[in-house]
Structures are given as C-alpha cells and as structure tokens.
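Scroll down for the structure; my scribbles are underneath it.
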Amino acid sequence: MQIEKVYEPQRFESRWAAWWVESSLYAANPQAPGEVFSLCIPPPNVTGSLHMGHMLEHTMIDMVVRYYRMTGRNTLWLPGTDHAGIATQMVVERQMAKEGLTKHDLGREKFEERVWKWKAESGGAIVHQMKTVGVSCDWTRERFTLDPGLSRAVREVFCGLYERGLLYRGERMVNWCPRCATALSDLETKHEESDGSLWEIRYPVLSSDGQASDEFLTVATTRPETMLGDTAVAINAKDERYLHLHGRQVLLPLLDRAIPIILDDLADPAFGTGVVKVTPSHDPNDFEAGQRHNLPQIKVIGEDAKITAAGGPYAGLDRFDARKQVLADLEQRGYLVKTNPHKLSIGRCERCQTIVEPLVSKQWFANMKPLAEKAIAAVEDGRTTIEPEQSRTVFFHWMRNIRDWCVSRQLWWGHRIPAWYCGACGEVTVARQDPTQCAHCGSAQLTQDPDVLDTWFSSGLWPFSTLGWPDQTADLAKYYPTTLMIMGYEILFFWCARMMMLGLEFMGEVPFRHVHIHGIVRDAQGKKMSKTRGNTVDPLEITSKYGTDAVRMALLTACTPGSDILWTEDKLPASRSFANKIWNASRFLFLNMERAGIEPFIPESASPQFLEERWIRARLNLAAQTCNNAMAANRYHEASQTMWHFFWDDFCDWYIELIKLRFNDEANRASIWANLLSTFEAALRLLHPAMPFLTEELWQRLRNSDAHPPSISLAAYPAFTAAHDDAEALRHMDLLQEIITAARTLKAEMKADPKAELAGELYAEGEAFAVARDHAEAIRKLAGVDLALHPQRGAKLEGPSRSTAAFDLLLKVPAANAEAQRKRLEKEIADLEKVIANTSRQLGDEKFLGKAPPHIIEGMKAKLADYELQLSKNREAIHAL
RNA sequence: GGGCGCGUAGCUCAGUUGGUUAGAGCGCCUGCCUUACAAGCAGGAUGUCCGCGGUUCGAGUCCGUGCGCGCCCACCA
C-alpha cells in the first residue's frame, strides 16, 4: 500500500465530500430501524456565503450527527435555506440600482421573477460551500422556505392563528424603516446609544378664555420636529409646579394650534422640565398616552420620512432638515430656551442601518402571550431542555415579557399575506385557497393584502414544515419532534422562541427535545466579525490552506458551551500538526505492514497479550467512555480533546513506541498486528465525528472486505466495554511510564549523552519491581538506561538519583551536573515539606477526621506515607551529593 | 433602567455535583535530524486561580461585596 509522505488534505477532501453527497449515504429512511436522531439545520440565508459562524455551527452539528449515526440511530439532518425577505430583496434591488432600475420600474410580478432568477443563479452558493466542507446532511431532503410545501404550511398557520383569534390587523405604533419602506419587528430594530440633545421649548399657555397669557410651559424633547404633531402637553398630577395650569390649553408654537394640558405619568417631574409634549403619532409612549386621553393623532412624518401636509410650512422637508428648520424658527421666534447635550438610544434598521421612524401604521400582529405561555410551560416541565443554563434564563425572561409581533412587511419577496379586503363591505377574508368572493357579503370585489410576512414567520415553522406538514407524512411521524437544535444565541428570540410557540400550537408538541446554544466566532480582539469591520475570515480559504479537518478540530476543541471563540489563525498549525500526526502514524503502520508482507485489513477480533496491548485497549475503552459521555452532554470540546490526547499521547507516544520494539517477534506477528490494527481502526472511528475526511481516507485504505460498511461514517462508534476495563494493565503501565520518565529526566538533568546507554540501579518493591523486571528491555530502549534491579528500597542512594512513591532510581554517571540535581532536589524537598505539613495538619484535625468521607482520609494517609518516603529519599540523595 | 456572563501560566483557554502537590495548546529554555512524523521526539521553567469578606473539616469551584471587562433586552421625553 502506497502512502504519500506528506499530509496533504487537499488531495482527498474534495473527493470524499463529493462521494458523500453523490452516494446519498446520509439519506434518511423513516422505515429503517433504530431510535431516531433528527435535527434540522438553522437555515442560512440564500443570500449568504459561508462565514466562520456557519463553519462553527455546521462543524458542531456535523460532529453530533456523525456521532449519533455511528451509534446506530435512525438519523436525519435536514438542510435548507431561508428566503430572507429583506436581505434578499435588498441584494437584488442593489443589483438593479446599478442598471438604474427600481423595483417599481419592473412591477411586482417581474420583480419577483427577477429575485427567483437571482436565487437560481447565486442562491446556491452557500449550499455548494457546505457540501465542500463535507457536512453530512441529507441533501435529498433539502428545503427552501419558499418551496410550495413550506408556503402551504405558512398559509395554514396564518389561517389557523387567525381563526384562533391570535392574529389581528390594527393601527399601531411600529418601527418603520424609511429606506426599506417597511415595518420592522422590535427584534429587527437595533438600538445604539448616541449623542443627541435635549431641547427645551416654551409653549405659551392660553388663559381660560382662550386668549394669550404671559405664562409658559417649557417642554423638553429630543425630537423637536415631531412637535408639529403634538396634540397635548402633559404634566404630572403630583407636580405642584404646574398643577394650577391643568385644564388650560397651550398654543403650539410655529403652527399656532391650541392643544390641551393633560395630567399623565408620562411626565416625570424629575426629568427635563417635568413637562412633556405628546405626539401620539410618532412616539410609542405618546401613542399610549394618546389612547388614554383620547387624543387625536396627527401624522406629520410620512413613510418616506418627509413631513406630511399636516406639517404646514414644513411639508415636504426631510425629517432631519425639518428638525433644523424647526429649531431655527423656534430660536428666531424666541421659543427655544435651552439646548442640553443628551445621550439617547436610536433605533436603526438591522439590515440597512437607517434610523427607524416610529409611526402609526396598519399592520398584522400576532398576539404572542397565549403562545408564549405554552412554550414557557414546555421548558419548565422539561419537554424541551435548553442549555447552557444561562440561555434558559434569558429565554424565560424574554418569553415572560413578550410583546405582540408585527408580522407584516411591505416587501415583495416573501409569503404573501392570505388576506383579502372587500371593496363592497370592507370586511377581511382570510383563506387557505385564494377566494373569489367575500366571505361576509359575497362580493367579488376582493383585493389581496399587498404585504408579505416577516421572514421569521416561515422559519418558525421550519421543524415541521420541512417534514411535509400540513400533510401527515411518514417523515413527520418519524422525525418530529426533532431531537436536538443547535444554534447561536443571537437567534434565540428570533427563531428558537417562535419555533417553540408555533410548534406547540400547531403540532401540539415541542419542535425539539434539546436546544444547545453556542457562542459566536469573534476576531482575535474579541470583536464581532462583520463585513463592514473587515475582520471576517473566509472558512474556505482557511480550509484549503490547513485542511477542513484541522479547521474543524481547532473549532471543536475551542467551543466551550456558553462562551464565544476568539479566532486567531495560530490555533490552526496545532490542529494541522495533529492531523499530520495521524497521517504519519498511519504511514508508519502501512510501511511496516508492507515490510512484513501484511495486506492492510480490519481485524475481526484481537486478544491483547502484552502489557502495552492490554493497556491501549483499556485506554481506548476509557477514551470511548469519555467521548460518549461528553457527546451525550453536548460537550464537544471535551470529546475532541479526549480524542486528541488518546491518539497522540497514548496511541503514538507510548503504544507505538513500545510495540515497534516487537516488530521482529515473528512468533507473535499475527497477534501483534491484529491488536495494532484493531486499535488503530477503532481510533479512526473514535475520531471520525471530529475529523471525517482524514479518518475516511485512512479507513478506506484498511477496508478489506465488502462485509464492512461502505464508509467509516456508517461504522459503529466505539462504546465502553466492561470487559476491556483493565485496571491492572493501567496500573502497571503507569509504573512503567513513571520509571521511563524518571530515567529520561535524570539523564537529561545530568547532561548525559542521549545516545549513550547508561547503567543504573532501580530499587523497587512489589508490582513496581515486577514491572521493571518484565519490561527491562522497553526501559532500556525508551529511556536509554540499563538498570540493575533490586527488590527492596532500603539502599543508600549514592549518586544522581530520583525517587518517587514507587521506586528509587540511581544512575551510574559521574556527577557531571550535580548542580542541576541539587537544584531539583531542593525544590522537590521544599514542595514535599509544604505538602506534608499541609497534609499532616489536616490529618491532625479532629473536625476533619470527624466530617470528611473515609476514602478521602484514607487516600490522604496513603499519600502522606508516600510523601514522607520520597522526602527521606531526597534528603539522603542531597546529602550524598 | 433591567437581565446574563467573564476575570486561572507571557497568550488563548480547560477545570460536571466543593476533596488528596491546579491542567492543555501556543510561546519560552535545554538536548536530540532515534530508519512515521523537526508540522517531530525527550526533558524543563512559569500561577497571591482579580481584591476583600463569609459558609465549610476543606473553596479555583458555593454565598456576599468591591474593581475591571463583555454581551443581551428595554419606548423614558
């Protein structure tokens, strides 16, 4: 078997990636046996291209899915993409702008066609990239939120919610993006603090007969231009300063409109002047105050962010120009009293960063409270578990304070709202099938609502709409509820919360059993990665440089639940080295098989006879146990670190180093290779969920029979086997390692020629002696010392020595570097004295003896005896120097 | 204004119910091109586990508090 000298993942990764997809290896079969493991992907936006966030998320999911598939579960990982309403529409509009076109030039139908065309040509980029990095999705079930089936689900849910009275249309204050010309949900509005001003403006108070007086109320505002829409001025009922003016009116400056003075808690006596202008059309608080006092709404800022006709002389001005003009006019006429610097938070459109205008608009809203209650209950009683714990807390907090969700968007790309308005009676008809006549009066004068639904409306149905709902499909029956959802905390509310609510409402069951929330990938400075910041990393660039497996490993070993990953490229050489280590260990095995005339094979069974064989089997067994437990607890970093250390430290540094000493043992050749390959093959399976390409490549080179699965990804994951739990082998190997390490250390410390074999003495009793006796050859080869063995420890240590709990080791070397020896001994003595003092103090404490569990006390006593033995041996040694 | 979290070796971070000399990778120092691997091997140094107080026989781990840092939610003019 030829095996290339250098690890070059580029040579085989793309081949396996393509094969995994072409062979439909990961297509789920609802008829197949096995406990279900199903998971649907958080659908990336079709507009997107793969970024490190995807890479992290997909790597974690892929590891989990590969793991469960290997444990024999009936596994489904359903992939797909989201139509991403605003985002996609923006992309296409921008593209059209280059041709000097707007969507209105095309008209709705042609525009939609154009977006579909864009999707067909460019929308597949991310899917292609995902396939390149080898995610083991079931591509036969790929979905898109605007697929006919999913659109039918959307319509069904809309109608269902409407029929349950959970969806209503109303004039309410919404976040309006003037650039996108659509309403936004609260979550799509991002607030940021910025420097503004708090202006104080004098409003003349009219006397009781409506005539001008010389009194004033001074209001404080951060948005003077909205005063054009003021319909009252509010004072607090407890504010003695102004109470006498209640019942009078003020004259609105600039427009000379008489408006009432009302009493309302909206006015905080401690803030500003204690007097607040009330603009029910352009401020959420004022809107509510307006409702309380039955105030008229005067809309002075339009959907285009320009002053409306109601703004009198300011009509047509942009909102920011209007502010300047209003302030100038107020100043000029003596109404502007003061300008204070003031920090305020400004809402911006998540997509285009335009400052959002709060305005009253007729929109569709979902009443979330009743839905949220069910979702809260489901998490409280554990039907769905959310971890890590802090995400659960955050989830509850948001759900318990949930507000109605504005679901309509004034866009063209998305699911059209299935509501029709009657030209005759004005009633609304909401229907699953496009109606031909009004459900109320029978008139045929119907116009469909022009709006579409918030993108997250369809995403909220993803776990069941993708499985065929509203049809009762086999997939739906088998794979819903899904087993696990893995996603970032940034979409906990946008998505997780809505899936919970809608899943419970329409499926009567939670959408997933467990939610695992992960952190995000940040740059080396801890900053969020973003295109505008220019600190993004292209995963494909990195994977082609270091290999996908190395990138995966770097991410997996770093992803502690609940915390973000700071991405620096210098994490990569380490994991590439690890991949390289695997490659080279394999190369070593293949070369030696060739040398021994053995064809690569996967052993049916192997029975270990030598210590290192028993030991590596036990170590593998423990590693498998740790990995299985870690995967069950979604502790991917722990699983991958365990794999890493097992392969590098145990398998390579000890097992191979020891077993290669037996390569000329012809009598045992078959058994040695059966054990070696058996362990190696199991190690590949252990590693496969984390490093699928390399393990597939190497495993295929071992695969020698069609009795084996076609791919390592379909082979069984190593499981804990009680029979392999060999405590004796672990103990003996520990001693052997200790002896070898002690000898190496001493040799290095004495600056002895590493190539020269040194003679020495080893004093040990019991098992330690037996191990040294049975493995003298290994000690000689691996440590470069030839030890004479003595079955008791009493001897005086004269010369360079090292003592441990189990043995004393003395090297026959002129004390060339007594200084280093002395230094070490002094340090060891100091450490031991400290530890002995602490331990004896504890053991002399009656309270401790009374309260600590017996095994702790016994353990400490045994340790103390060891420490004392070592201490006396070290003192002896330092005297001998 | 509310909520969540973080502070452990020079750097990036592990450390599951409190328990026996606190760990890894990178970096650093020393020595090795040992016929799988210098992307390697062997050995080594480095920590008032942010400060203070408390609970406990015992605290990196639990509680309180201070300092420093991050994030999320929120309509206070």
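Chain letters run A, B, ... following the sequence lines, proteins first and then strands; every chain starts at 1.
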Exercise. Counting any heavy atom closer than 4.0 Å, what does A/Pro853 reach on the DNA or RNA strands: base, sugar-phosphate only, or nothing?
Worked result: base
For this session: Quick one: sort the A/Phe590 and A/Phe680 rings into parallel, tilted or perpendicular, breaks at 30° and 60°.
Result: perpendicular
For this session: Under 4.0 Å between any heavy atoms, over every strand shown, what does A/Gly519 touch: base, sugar-phosphate, or nothing? Just pick one.
Result: nothing
For this session: Sticking with atom P, work out how far B/C32 lies from B/U16, rounded to a whole angstrom.
Result: 41 Å
Problem set entry | Whole-Å distance separating the CZ atom of A/Phe396 from the P atom of B/C4 | 14 Å
For this session: Using a heavy-atom cut-off of under 4.0 Å over every strand shown, decide if A/Arg403 touches base, sugar-phosphate, or nothing.
Result: base
Exercise. To the side chain of A/Arg522, which of B/C71, B/A14, B/G58 is closest?
Worked result: B/C71
For this session: Sticking with atom C1', work out how far B/A36 lies from B/U30, rounded to a whole angstrom.
Result: 25 Å
For this session: Looking at every strand, decide which applies to A/Ser391 at a 4.0 Å heavy-atom threshold: base, sugar-phosphate, or nothing.
Result: nothing
Problem set entry | Phosphate-side-chain proximity, A/Lys847 and B/C57, N/O vs OP1/OP2 below 4.0 Å | no
Problem set entry | ring-ring contact (aromatic ring centres under 6.0 Å, His included) against A/Phe395, all qualifying residues, sequence neighbours excluded | none
Exercise. Does the side chain of A/Trp583 reach to within under 4.5 Å of the side chain of A/Glu8, using non-hydrogen atoms?
Worked result: no
Exercise. A/Trp648 vs A/Trp644 aromatic rings, parallel, tilted or perpendicular, using cut-offs 30° and 60°?
Worked result: parallel
For this session: Pick base, sugar-phosphate or nothing for A/Lys528, based on heavy-atom distances below 4.0 Å to the nucleic acid.
Result: sugar-phosphate
For this session: Report the distance from atom CE of A/Met399 to atom C1' of B/A74, rounded to the nearest whole Å.
Result: 18 Å
Exercise. Could you run down nucleotides 6-12 of chain B 5' to 3' and tag each one B, S or - for protein heavy-atom contact under 4.0 Å?
Worked result: ------S
Exercise. With sugar-phosphate meaning primed atoms plus P, OP1 and OP2, does A/Lys751 contact a base, only sugar-phosphate, or nothing at under 4.0 Å between heavy atoms?
Worked result: sugar-phosphate
For this session: Taking atom C1' in both B/U65 and B/U12, compute the distance separating them and give it to the nearest angstrom.
Result: 30 Å
Problem set entry | Nearest-Å distance once atom P is located in both B/C76 and B/G2 | 13 Å
Problem set entry | Contact state string [nucleotides 34-40 of chain B, B base, S sugar-phosphate only, - no protein heavy atom under 4.0 Å] | --BB-BS
For this session: Specify the separation, in whole Å, of atom CD of A/Gln737 and atom P of B/A42.
Result: 11 Å
Exercise. Are A/Lys528 and A/Glu490 ion-paired here, with the side-chain N under 4.0 Å from a carboxylate O?
Worked result: no
For this session: Remember a base hit wins even if backbone is also touched, and classify A/Leu266 as base, sugar-phosphate or nothing at under 4.0 Å, heavy atoms.
Result: base
Seminar exercise, completed: Whole-Å distance, A/Ile856 CD1 to B/A59 P, equals 14 Å
For this session: Starting from the 5' end of RNA chain B, give me the residue, A/Arg635 or A/Thr273, whose nearest nucleotide shows up first.
Result: A/Arg635
Exercise. Given atom CZ of A/Arg802 and atom C1' of B/G44, what is their separation to the nearest angstrom?
Worked result: 11 Å
Seminar exercise, completed: By side-chain hydrogen bond (donor to acceptor under 3.5 Å, both in side chains), A/Asn175 pairs with (sequence neighbours left out) A/Asp186, A/Thr189
For this session: With sequence neighbours left out, write down each residue that passes side-chain hydrogen bond (donor to acceptor under 3.5 Å, both in side chains) with A/Asn838, or none if nothing qualifies.
Result: A/Arg841
Seminar exercise, completed: Looking only at heavy atoms, the pair that brings A/Thr745 and A/Arg802 closest together is CG2-NH1, 3.1 Å
Exercise. Considering heavy-atom distances to RNA chain B, does A/Leu832 or A/Lys190 have its closest nucleotide positioned more toward the 5' end?
Worked result: A/Leu832
Problem set entry | Whole-Å distance separating the CZ atom of A/Phe848 from the P atom of B/C57 | 12 Å
For this session: Please collect all salt bridge (Lys or Arg N to Asp or Glu O under 4.0 Å) contacts where either partner lies in residues 555-567 of chain A, sequence neighbours excluded, each pair once.
Result: A/Arg522-A/Asp564
Exercise. Salt bridge check: are A/Arg780 and A/Glu777 linked by an N-O gap of less than 4.0 Å?
Worked result: yes
